[in-house]
Amino acid sequence: MHWIMWIFWGSVAVIFLGSYLVDVLTRRKYNLNKQEKTLNQNLAEAAALRDVGRHNNQNGMF
């Protein structure tokens with residue numbers, strides 16, 4: 001059972017060191033807080049807004 005602990009904590013350490021290494025090598029160009037929307041996301045948002053406008057119950061029948 002002792003070797004399982006070494007494998008578990010070793011893999012956690014490798015994940016953290018690997019992510020730090022990728023962060024340093026890419027010079028922190030990836031910012032998770034600010035992402036640009038893709039064209040597909042923009043089209044989906046526009047389609048959703050059109051659909052909401054189509055089913056808006058505040059408009060009368062006439």
Side-chain angles (χ1 to χ4, degrees):
M1 289 304 265
H2 188 70
W3 59 273
I4 294 175
M5 179 192 71
W6 282 105
I7 291 174
F8 174 75
W9 289 113
S11 60
V12 170
V14 165
I15 289 172
F16 276 110
L17 289 174
S19 63
Y20 178 75
L21 186 64
V22 167
D23 194 32
V24 169
L25 289 177
T26 58
R27 294 185 179 97
R28 301 176 192 266
K29 72 175 186 175
Y30 296 106
N31 187 2
L32 297 178
N33 296 330
K34 183 179 66 174
Q35 292 181 344
E36 294 182 10
K37 291 184 178 179
T38 62
L39 181 60
N40 193 26
Q41 287 173 323
N42 289 335
L43 291 175
E45 184 179 0
L49 290 175
R50 279 194 305 273
D51 199 37
V52 167
R54 202 175 293 133
H55 298 291
N56 188 356
N57 291 327
Q58 292 178 354
N59 297 335
M61 273 180 53
F62 302 107

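It should be emphasised that the depicted structure is a prediction, and the values quoted were computed from it without experimental measurement.
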With the 4.5 Å side-chain cut-off for hydrophobic clustering, are Ile4 and Ile7 part of the same group? yes
Is Met5 reachable from Phe8 through a run of hydrophobic residues whose side-chain heavy atoms are each under 4.5 Å from the next? yes
Between atom OH of Tyr20 and atom CG of Leu25, what is the distance when rounded to the nearest 0.5 Å? 10.0 Å
Judged by atom type as modelled, is there a donor-acceptor pair below 3.5 Å linking the side chain of Gln41 to the main-chain atoms of Thr38? yes
Do you reckon Trp6 sits in the same ILVMFWY cluster as Val12, going by side-chain contacts under 4.5 Å, direct or chained? yes
